[in-house]
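Data block below; observations after.
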Number of protein chains: 2
Amino acid sequence: MANQKTAEEEETLLAGIAKYGTGKWRNILEDPEFSVQLQYRTNIDLKDKWRNMSRINPIQERNPNMVRFNE
Amino acid sequence: MANQKTAEEEETLLAGIAKYGTGKWRNILEDPEFSVQLQYRTNIDLKDKWRNMSRINPIQERNPNMVRFNE
DNA sequence: CAGTAGGGATAGGGTTCA
DNA sequence: TTGAACCCTATCCCTACT
């Protein structure tokens, strides 16, 4: 997602997800309730933006003593 | 087509196409010669997998700005 | 309703760059 | 080196046609 009016676009995306759920990027884009604010975005943009917004553990180091079950 | 035993599944699909031709996905699936290896696949899976396997050119051009050191 | 063809959409790994 | 933005494409979905 490029660069401008980012806050408004993020709010709109969140509202779209609240209405349709995640993974319904095309539906969100085509809803007249959101289409004006998101007119410069593609469904792929929304998917990637949501992935970044919902990222859980970006900053902290992993506890070196932690062992995952699947490794 | 999901993810595991991919190589074996691809070989089996190819063998099935050799026997029945393309577009005979249901026939391939139900042939006891192939049904074990393809038991987790649908006729639609086979159609889509073959579309990928038989693709001649990549779907999109690579980013022309990207140059790897090792290529 | 079944099956197939083909366009469209999504998921997730990969790449770029500030 | 990190992370937001953007790319790649296998897989999955939708619909028309038969």
Side-chain angles (χ1 to χ4, degrees), chain A residues 1-64 66 68-71, chain B:
Chain A
M1 235 165 167
N3 41 34
Q4 63 185 170
K5 303 203 293 176
T6 299
E8 184 184 25
E9 290 181 318
E10 289 187 0
E11 282 181 41
T12 304
L13 174 55
L14 255 12
I17 291 172
K19 184 167 182 177
Y20 291 99
T22 62
K24 300 298 184 179
W25 316 117
R26 176 62 60 187
N27 291 328
I28 294 170
L29 225 40
E30 293 178 348
D31 189 318
E33 187 178 347
F34 311 122
S35 55
V36 174
Q37 295 93 322
L38 298 175
Q39 63 182 303
Y40 302 115
R41 309 306 164 193
T42 69
N43 50 330
I44 303 296
D45 288 336
L46 299 189
K47 179 264 293 178
D48 285 330
K49 182 62 176 174
W50 173 242
R51 175 165 51 171
N52 288 334
M53 291 173 72
S54 62
R55 187 171 252 138
I56 295 173
N57 65 334
I59 297 171
Q60 289 193 342
E61 290 295 313
R62 277 184 61 181
N63 181 337
M66 186 175 86
R68 290 181 180 161
F69 288 118
N70 62 354
E71 68 181 11
Chain B
M1 237 165 167
N3 43 34
Q4 64 185 171
K5 303 204 293 179
T6 299
E8 184 185 25
E9 290 180 317
E10 288 186 1
E11 284 180 40
T12 304
L13 173 56
L14 254 14
I17 290 172
K19 185 168 182 177
Y20 292 99
T22 61
K24 301 297 183 181
W25 316 119
R26 176 63 58 188
N27 291 325
I28 294 169
L29 271 187
E30 293 179 348
D31 188 317
E33 187 178 348
F34 312 123
S35 55
V36 174
Q37 295 91 324
L38 299 175
Q39 62 182 303
Y40 301 116
R41 307 307 161 193
T42 69
N43 51 329
I44 304 295
D45 288 336
L46 299 189
K47 180 263 293 179
D48 285 328
K49 184 62 176 176
W50 174 241
R51 175 164 53 170
N52 290 333
M53 291 173 72
S54 61
R55 209 194 288 284
I56 296 171
N57 297 119
I59 294 174
Q60 298 184 40
E61 291 298 313
R62 286 178 75 88
N63 182 337
N65 296 314
M66 189 177 82
V67 178
R68 289 182 181 162
F69 287 119
N70 60 354
E71 70 179 11

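Below, all heavy atoms of this structure are taken into account, side chains as well, without hydrogens, waters or symmetry copies. Lettering follows sequence order; numbering is per chain, from 1.
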Where B/Leu29 and B/Leu38 come nearest, the two heavy atoms and their spacing: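 Closest approach of B/Leu29 to B/Leu38: CD2-O, 3.7 Å.
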How far apart are the closest heavy atoms of B/Ile17 and B/Ile28, and which atoms are they? N-CD1, 3.8 Å
Rounded to the Å, how far apart are [X] [atom1] and [N] [atom2]?
X: B/Arg26; N: C/dC1; atom1: CZ; atom2: P; answer: 16 Å
X: B/Leu46; N: D/dC13; atom1: CG; atom2: P; answer: 15 Å
X: A/Asp45; N: C/dA9; atom1: CG; atom2: C1'; answer: 14 Å
X: A/Tyr20; N: C/dA9; atom1: OH; atom2: P; answer: 15 Å
X: B/Lys49; N: D/dT9; atom1: NZ; atom2: P; answer: 13 Å
X: A/Glu9; N: D/dA4; atom1: CD; atom2: P; answer: 16 Å
X: B/Trp50; N: D/dC12; atom1: CH2; atom2: C1'; answer: 20 Å
X: B/Asn27; N: C/dA2; atom1: CG; atom2: P; answer: 16 Å

Could you run down the sub-3.5 Å N/O contacts of the protein with nucleotides 14-18 of chain D?
none

Do [X] and [Y] have side-chain heavy atoms sitting under 4.5 Å apart?
X: B/Ile44; Y: B/Asp48; result: yes
X: B/Trp25; Y: B/Leu13; result: yes
X: A/Trp50; Y: A/Leu14; result: yes

Has the side chain of A/Arg51 got a donor or acceptor that lies under 3.5 Å from a partner of the other kind on the base of C/dG13?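 Side chain to base: pair found, below 3.5 Å.
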Taking atom types as they are modelled, would you say the side chain of A/Asp48 forms a donor-acceptor pair with the base of D/dA5 within the 3.5 Å cutoff?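 Per atom types, no contact qualifies.
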Nearest listed nucleotide, side chain of A/Trp25, among C/dT4, C/dA11, D/dT11: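 Minimum distance to the A/Trp25 side chain belongs to C/dA11.
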Taking only side-chain N and O atoms of [X], does any of them lie within less than 4.0 angstrom of OP1 or OP2 on [N]?
X: A/Arg55; N: D/dA4; result: yes
X: B/Asn52; N: D/dA10; result: yes
X: B/Asn43; N: C/dT4; result: yes

Watson-Crick and G-U pairing of DNA chain D written in dot-bracket, each distance under 3.5 angstrom, with | for inter-strand partners: .||||||||||||||||.
What I want to find out is whether A/Glu9 reaches A/Lys49 closely enough, with some N-O distance under 4.0 Å, to be called a salt bridge. no
Please confirm whether the backbone N or O of B/Glu8 pairs with a side-chain atom of B/Glu11, one donor and one acceptor, at under 3.5 Å?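 Flag not set: sc B/Glu11 to bb B/Glu8 has no pair under 3.5 Å.
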Find the distance between CG (B/Leu46) and CG (B/Asn27) and round it off to the nearest 0.5 Å.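 Output value for this atom pair is 11.0 Å.
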Between NZ of B/Lys47 and OG1 of B/Thr42, what distance do you get to the nearest 0.5 Å? 9.0 Å
